[in-house]
Amino acid sequence: MNLWAVLCLSLLVVELQNGVCQQVKPIKDRGENRIRPAGKRVKVWSTLKDGRGRSQSLLTQVLDKGRFLRLGQSTTLTPGKNMELRCKGNNIGWSYPTYLDTYNSSRLSIKQSDKYSQLILTSPSAADTGAYSCWVIICDGTECEKDHDRTYVSYIYFTDKDNLFVPSAVHFEIVYLRPDQPAVVPCRVTEPQAKTSLHREVPPEEITANGTLMTYDPTKGFILPNPRPEDQGVFYCKAVTTDTPQISTKFQLLYVEVPSGPPFVSLKASPDSVRGGDNINVTCTVLGEPDVDMSFTWSYPGQDYRPVHIQTSWRLVNRGLGYTTRITQSILTVEDMETIDFGDYICKAKSKHGETVVATTVISK
């Protein structure tokens with residue numbers, strides 16, 4: 001019995017020693033192997049409840065009674081009710097449908113405060129349907145740029161049963177088909193659930209969006225990834241919900257022959273040789289894309305001394321097998337030619353794709 005008592009007493013002493021050793025180590029020293037940058041505070045981006053973390057949109061809609069709704073990729077609102085959007089940050093940029101800029105709408109206002117930027121649109125209508133976006137602006141001194149990592153966008157539908165299509169300022173729109181880029185027939189809808197179809201006027205037929213030759217996006221319209229000459233013609237769109245079907249404006253689809261690039265220019269004097277006292281026309285002709293504007297600059301022998309008349313015009317023409325080209329001409333006219341008028345006539349044609357300079361010489365008979 002004495003041996004067992006000694007053994008139990010020894011075990012009790014060992015346990016007490018272990019307990020004391022565990023208490024000696026201060027709690028504050030636990031985790032001392034963690035590496036912390038000296039003198040630097042590390043900002044940690046916390047993960048939000050929905051798991052999207054930092055990428056979650058900071059674009060919100062202000063509701064009644066101070067409530068907020070964080071907007072997703074698309075939102076459906078009711079026309080007529082004022083809309084207020086907010087984006088967090090003390091330096092925010094905005095984009096919205098170009099329709100509002102085109103008509104310099106006074107219904108739109110943007111205000112910046114210390115913590116957020118505010119966009120207010122009063123009495124919105126179906127025509128205001130489109131993408132609304134905000135982003136943080138980062139500045140380094142006087143140079144500022146858009147922070148693409150903190151850019152948020154929501155496509156907002158202002159659903160109107162009387163206007164299933166977003167109203168257009170024109171009743172007949174031209175869509176140019178180019179072989180090197182997709183084309184869009186822009187019949188956008190205000191109701192994303194509307195059943196929308198594309199129809200050719202002559203011969204009458206419905207064009208099916210099969211996902212290969214044509215697709216449909218309610219925020220853009222019907223998309224032709226690889227336009228063909230046979231896609232030309234007059235078209236319209238039809239939208240159907242539970243009410244009577246509605247028809248869009250008409251679209252003239254034209255296939256473009258001339259690829260993008262600097263102007264292709266020719267210059268011709270008529271007649272090419274004249275006598276003193278004659279009249280002469282020097283014509284600068286450009287073949288280009290139908291929707292690309294052209295500007296002209298002239299240099300001529302009697303410049304600054306002799307009066308001339310310059311007239312510029314353009315028209316669309318069909319060339320080849322159904323291809324459409326824009327012909328733009330600038331005609332310089334000199335009347336009652338004098339000695340100072342003979343020499344080199346230079347035409348410079350300029351577009352957004354570049355410029356081309358050509359010259360011709362007018363001599364005396």
Side-chain angles (χ1 to χ4, degrees), residues 41-102 105-140 144-161 163-167 186 188-194 196 215-221 223 239 241:
R41 299 182 63 184
V42 179
K43 186 174 183 180
V44 180
W45 290 96
S46 61
T47 302
L48 300 176
K49 292 182 180 180
D50 63 357
R52 286 180 289 178
R54 183 180 179 182
S55 63
Q56 186 181 23
S57 174
L58 297 182
L59 178 60
T60 59
Q61 178 193 3
V62 180
L63 305 177
D64 296 333
K65 299 180 181 179
R67 295 182 298 117
F68 297 87
L69 174 65
R70 198 178 297 273
L71 299 184
Q73 292 184 346
S74 64
T75 307
T76 301
L77 300 179
T78 303
K81 185 177 181 180
N82 294 351
M83 178 184 71
E84 179 181 344
L85 303 181
R86 288 188 183 181
C87 197
K88 292 183 180 179
N90 57 11
N91 196 4
I92 298 295
W94 289 90
S95 69
Y96 38 83
T98 55
Y99 159 84
L100 293 168
D101 266 340
T102 302
S105 178
S106 59
R107 298 182 297 110
L108 178 74
S109 63
I110 295 176
K111 299 178 181 179
Q112 178 70 56
S113 66
D114 293 338
K115 296 183 179 180
Y116 61 87
S117 182
Q118 177 188 49
L119 181 148
I120 297 177
L121 181 62
T122 60
S123 302
S125 66
D128 299 320
T129 296
Y132 291 78
S133 175
C134 70
W135 56 87
V136 176
I137 299 175
I138 302 176
C139 294
D140 182 7
C144 297
E145 63 179 14
K146 178 179 181 179
D147 187 348
H148 295 280
D149 292 332
R150 287 183 289 176
T151 299
Y152 315 102
V153 60
S154 182
Y155 192 92
I156 299 179
Y157 298 91
F158 290 100
T159 301
D160 185 350
K161 65 178 182 179
N163 289 284
L164 291 182
F165 290 105
V166 178
R188 299 183 295 126
V189 292
T190 62
E191 170 53 70
Q193 302 304 320
T196 311
T215 60
Y216 181 69
D217 183 340
T219 68
K220 297 178 181 178
I223 303 170
T241 55

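Position 1 is the first residue of the sequence, and the numbers go up from there. Computed from a predicted structure; not experimentally measured. Hydrogens, waters and symmetry mates play no part in the numbers below; they use all other heavy atoms, side chains included.
- In this structure, the side chains of Leu108 and Ile120 stay at 4.5 Å or more apart for every pair of heavy atoms.
- When all heavy atoms of Ala131 and Tyr155 are compared, the pair lying nearest together is N-CD1, 3.6 Å.
- Residue-environment remark: NZ (Lys220) stays at or below the threshold of 12 foreign heavy atoms within 6.0 Å.
- Among all heavy-atom pairs drawn from Lys88 and Val136, the shortest one is O-CG2, 4.4 Å.
- You'll find the side chain of Arg150 reaches within 4.5 Å of the side chain of Ile138, heavy atoms only.
- Counting only heavy atoms from C-beta outward, the side chains of Ile156 and Tyr96 never approach each other to under 4.5 Å.
- Exactly one residue among Thr122, Asp128, Asn82 makes a side chain to side chain donor-acceptor pair (under 3.5 Å) with Arg107. That residue is Asp128.
- For the pair Val62/Phe68, a side-chain contact is recorded, criterion being any heavy-atom separation below 4.5 Å from C-beta on.
- Remark: Leu85 CG to Cys134 SG distance equals 8.5 Å, nearest 0.5 Å.
- Remark: side-chain polar atoms of Ser123 are not paired, donor with acceptor, to backbone N or O of Gly80 under 3.5 angstrom.
- No side-chain donor-acceptor contact under 3.5 Å links Gln73 to the backbone of Val153.
- Between the Ser133 side chain and the Tyr152 main chain, a donor and an acceptor come within less than 3.5 Å of each other.
- Residues Gln118 and Glu84 bring a donor and an acceptor atom of their side chains to less than 3.5 Å of each other.
- Distance check, rounded to the nearest 0.5 Å: CG of Leu59 to CG of Leu71 gives 4.5 Å.
- In this structure a side-chain-to-backbone donor-acceptor pair under 3.5 Å is missing from Ser74 to Tyr157.
- Counting heavy atoms from C-beta outward, Pro218 and Thr196 have side chains that stay 4.5 Å or more apart.
- Side-chain contact between Trp94 and Ser117 is present, with heavy atoms from C-beta onward closer than 4.5 Å.
- Under the rule for a side-chain contact (heavy atoms from CB on, under 4.5 Å), the partners of Ala127 that lie at least two apart in sequence or sit in another chain are Tyr99, Ser125, Pro167.
- Distance check, rounded to the nearest 0.5 Å: CG of Asn163 to CZ of Phe158 gives 13.5 Å.
- Between Met83 atom CE and Thr78 atom OG1 the span is 12.5 Å, to the nearest 0.5 Å.
- A donor and an acceptor atom, one from each side chain of Thr159 and Thr190, are nowhere located under 3.5 Å apart.
- The backbone N or O of Thr241 sits nowhere less than 3.5 Å from a side-chain atom of Gln193 that would complete a donor-acceptor pair.
- With hydrogens and angles ignored, the 3.5 Å screen pairs a side-chain donor or acceptor of Thr151 with a backbone N or O of Asp147.
- The two residues Ala239 and Leu164 have their closest heavy-atom pair at O-CD1, 3.8 Å.
- Put simply, the side chain of Arg188 gets close to the backbone of Thr129: a donor and an acceptor are under 3.5 Å apart.
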